Amino acid sequence: MTSQLVQSVDWLTIAPPVLTAAVALAVLVADLFLPPERKQVLGWTAIGGLTAALALLVPLRAGDRSTFCLTPDTRVTACSYTADHFTLVVQLLVLGGALLTALLSLDATREKTPAGGRPSPRGHLPAGEYWFLLLSSAAGAALLPASRDLATLVVALEVASLPAFALVGLKRGDRRSGEAALKFFLSSVTATAVTLLGASFVYAATGTLHLTEIAQRLDDVPGQLQTLAEAGVALTLVGFAFKTAAVPFHFWVPDTYVGAPLPVAAYLSVVGKAVGFTGLILVTVVAFPSYADVWGPALAVLAALTMTAGNVAALRQLSTRVWSAVRLLAWSSVAQAGYLLVPIAAAAYSGNDQVGATVAYALMYAVVNLGAFAVVALVARVRPRNRIEDYRGLYAASPAAALALAFFLLNLAGLPPGIIGLFAKVTVFSAAVDAGLGWLAVVMALNVVIALYYYLHWTALLFRTPQEAPGEAPEEAPGETPAGAPEGAREGSVALHRSSAPITLAIALTAAAGAVLSGYPQFALRFATTTLF
């Protein structure tokens, strides 16, 4: 049997990630020629490129295009790049998340020069490097959901991950940032090595890299290669478990979020998580359906462990500890990863349609979690210690910011008026029940109750009476005193006199998107009841 590689390229199909990568290269080259006072142009160029990439999804909305196809004589086509509905929804999520991250990053990449002095490098993010790395990572994240062979999948995963390591460690003069980047790098490299080993075993057992062909050939693997195929499937799943921050592969999350610049932490919590879950869905549901009796129970156990560990750790965060707000969001993201794993595990028992619940939940989570990080970034401009206690009385100083954060936290908790958060949790819960995973549904219900405490505690602080008198000295670990605190900042109520137009716009966009999804939840939840592939 002979095969031929169709060399024609459908440029419109691959346009979103290609345009993002092209803008990244343009920003890198332009950085060489722009003077420091003009570097802000790079940020707006990145925002324009991401907006254009999002617009290019509109012509692809039919979800029926593919390219780089291998066409055997049997006329069964296997393609390396497919722009189906699953691809488009995830690309909307990752490119939209990158766009909001770019808005949060504009102030952080602006050179701050004191009057009569020279620019201070501490805490400043170099514009050219930052925008190039962010756009490069976004290009890889946009490529990954369209990948339909293991080689493209791994390449896209690394293109999304490698720039993220540098983004975490890009804060100049901050030792914590370097440590966070190193921990993130080592854990991710381990995950990549395990994934590549698993992929090589699968290729050796099946003789193909295309996911659909792997699914067919795994049903008929010769006896002498059966153990090799099983080991390949298991190692590939372990590698993606690292990427999704599933317990026990989650240890890098809190320190990485704390050490990274706030916009980068927001990016990792949404886009980085979407990359891991997208890859996990593709290898389990598309490539390894014949091993559902293996990965289904494993993912169900991982889901239970992940949501429990994340919620318990978030519950233990002290509101007066430095960085406690970021740490709580970090552990919350681990718990949310547990919820996102539930429908994928359920797909092993009741069919591929269940993964739509993960997509619907991911859309909700992306909007409200980015919104929460945007408010944290706004408050951090005047209270850089990022303590939960710093939000006491926020409503008195800035009613709009307080109401927005309350809305985001209630969505994450699954309480009204966050209707989309409630519906998304019910959809995930229903997926577990429909698949016969009653025990997992009970574990999820208990974890939702646990999470209510720390979400509602933070929400209640927003509306309490501000403390005007200086409080007790905050608890600080050695080396945790943040740099860049404004002179004369009080330990009392938050006074958001240093507002930021880009951050305010990001808050407004996420709040509006959350309100639209709460008023019209069918937009997201319809993905939970339709076949995405």
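Please read these numbers as outputs of a predicted model, since none were measured by experiment.
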Can you say whether the rings of Trp252 and Phe184 are parallel (under 30°), tilted (30 to 60°) or perpendicular (over 60°)?
-> parallel
Short side-chain donor-acceptor distance under 3.5 Å, Ser137 and Tyr267 = yes
Tyr361-Lys425 side chain donor-acceptor pair, cut-off 3.5 Å | yes
Tyr203, OH atom: more than 12 neighbouring heavy atoms under 6.0 Å | no
Heavy-atom distance under 4.5 Å between the side chains of Val247 and Thr308, does that happen here?
-> no
Step by step, would you call Trp295 with Phe288 a ring-ring contact (aromatic ring centres under 6.0 Å, His included)?
-> CA-CA 9 Å; Trp295 56 258; Phe288 305 150; 8.5 Å; no
Does Arg316 reach the main-chain N or O of Ala313 with its side chain, forming a donor-acceptor pair under 3.5 Å?
-> no
Looking just at side-chain N and O atoms, do Ser105 and Tyr130 make a donor-acceptor pair shorter than 3.5 Å?
-> yes
Answer yes or no: is there a side-chain heavy-atom contact under 4.5 Å between Leu268 and Val168?
-> yes
Can you tell me how far the CH2 atom of Trp11 sits from the CG atom of Leu19, to the nearest 0.5 Å?
-> 12.5 Å
Tyr453 atom OH, over 12 foreign heavy atoms within 6.0 Å = no
Atom CG of Asn411 and atom CG of Asn369: how far apart are they, to the nearest 0.5 Å?
-> 11.0 Å
Derivation of the side chain to side chain contact (heavy atoms under 4.5 Å, CB included) call for Phe201 and Leu196 | CA-CA 9 Å; Phe201 285 177; Leu196 285 172; over 6 Å; no
Side-chain contact, heavy-atom cut-off 4.5 Å: Cys79 with Thr212?
-> no
Heavy atoms only: give me the nearest Ala511-Phe407 pair and the separation to one decimal.
-> O-CE2, 4.0 Å
Identified side chain to side chain donor-acceptor pair (under 3.5 Å) partner of Arg65 from the options Asp84, Thr82, Thr13 | Thr13
Mind checking whether Leu329 and Tyr257 have side chains closer than 4.5 Å, heavy atoms only?
-> no
Starting from the C-alpha separation in whole Å, work towards a yes-or-no answer on side-chain hydrogen bond (donor to acceptor under 3.5 Å, both in side chains) for Tyr455 and Ser332.
-> CA-CA 9 Å; Tyr455 285 131; Ser332 168; 2.4 Å; yes
